[in-house]
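Input: a single structure, listed below in structure tokens.
Throughout, protein chains are lettered first and strands after them, A, B, ... in sequence-line order, and every chain is numbered starting at 1. Computed from heavy atoms alone, side chains included, the values below leave out hydrogens, waters and symmetry copies.
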Amino acid sequence: AQSVTQPDIHITVSEGASLELRCNYSYGATPYLFWYVQSPGQGLQLLLKYFSGDTLVQGIKGFEAEFKRSQSSFNLRKPSVHWSDAAEYFCAVGGLILTGGGNKLTFGTGTQLKVEL
Amino acid sequence: GAVVSQHPSWVICKSGTSVKIECRSLDFQATTMFWYRQFPKQSLMLMATSNEGSKATYEQGVEKDKFLINHASLTLSTLTVTSAHPEDSSFYICSARETGELFFGEGSRLTVL
């Protein structure tokens, strides 16, 4: 069974500081990995995804993530956090089902990011 | 990117009534849509996969008769919470796949009094 662990429930950083959100996954085949951001009362917005190729992926809003197969990790990073980055971040893993089922994603429990001014 | 829209964003209803939530793909056709439920401070849990023109596939533990899903067209899936009770209060989010990527709706907050 696939699973995702986000060990940090809450993280607080100062504006301008660097950020790393941790994500570990368990998946029986080649994983497809995603990071989503959710603002209060809103749906999810895709930050970035990893399917294959370069293990360092760039996303929107200055975020990046690195896939490390040996550590089963897909940590999200940002060099300099902005106050508007305060939100909840979800890591997800899934497999691309080619024959009609679509992506079935398993989400982590999320990390709530607070940014201090 | 593709746009998925949900309606209503907020709904408050009395216990025992039924509530319908719509999920629309605005600029693409979606043969498959997904319904998630999110409890406060928790992650999204997949409830069911909605398939256009056929029955939905429910995840283990999700009551089919409680959460009715209809995917009557390529741009619309509906989730009906039947005989709603306070424990059904939650944030419901739908998603649809377009060119291999999932796009999520804004979510619908259901409060059952």
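One finds the CG atom of B:L102 at 5.0 Å from the OH atom of A:Y36 (value rounded to the nearest 0.5 Å).
The environment of NE2 in A:H82 is crowded: more than 12 heavy-atom neighbours from other residues, nucleotides or ligands sit within 6.0 Å. At most 12 non-hydrogen atoms from other residues, nucleotides or ligands lie less than 6.0 angstrom from NZ of B:K64. Other residues, nucleotides and ligands contribute over 12 non-hydrogen atoms within 6.0 Å of the CD1 atom of A:I60.
Contact annotation: the side chain of B:Y36 approaches that of A:L105 to within less than 4.5 Å [non-hydrogen atoms, C-beta and beyond]. Considering only heavy atoms from C-beta on, A:Q38 comes within 4.5 Å of B:F91 through its side chain.
Across every non-hydrogen atom of A:F90 and B:S43, the tightest pair is CE2-CA, 3.7 Å. Between A:L44 and B:F104, the shortest heavy-atom contact is O-CB, 3.6 Å.
Note on A:L33 and A:L19: same hydrophobic cluster, where clusters join Ile, Leu, Val, Met, Phe, Trp and Tyr whose side-chain heavy atoms are under 4.5 Å apart, directly or indirectly. In the hydrophobic clustering of ILVMFWY residues, with side-chain heavy atoms under 4.5 Å counting as a link, B:V112 and B:M47 come out together. Criterion: ILVMFWY side-chain heavy atoms under 4.5 Å apart, direct or through other members. Under it, B:F28 and B:L76 are not part of a common hydrophobic cluster. B:I93 and B:L110 fall into different hydrophobic clusters, defined by Ile, Leu, Val, Met, Phe, Trp and Tyr side-chain heavy atoms under 4.5 Å apart, directly or through other members.
Ranked by heavy-atom pairs under 4.5 Å with chain B, the list A:L46, A:V4, A:T106 is led by A:L46. With respect to chain A, the highest number of heavy-atom pairs below 4.5 Å among B:T57, B:L46, B:L44 belongs to B:L44. Among B:M45, B:Q38, B:R109, B:Q6, the residue making the largest number of heavy-atom pairs under 4.5 Å with chain A is B:Q38.
With a 4.5 Å cut-off on non-hydrogen atoms, B:E98 does not touch chain A at all.
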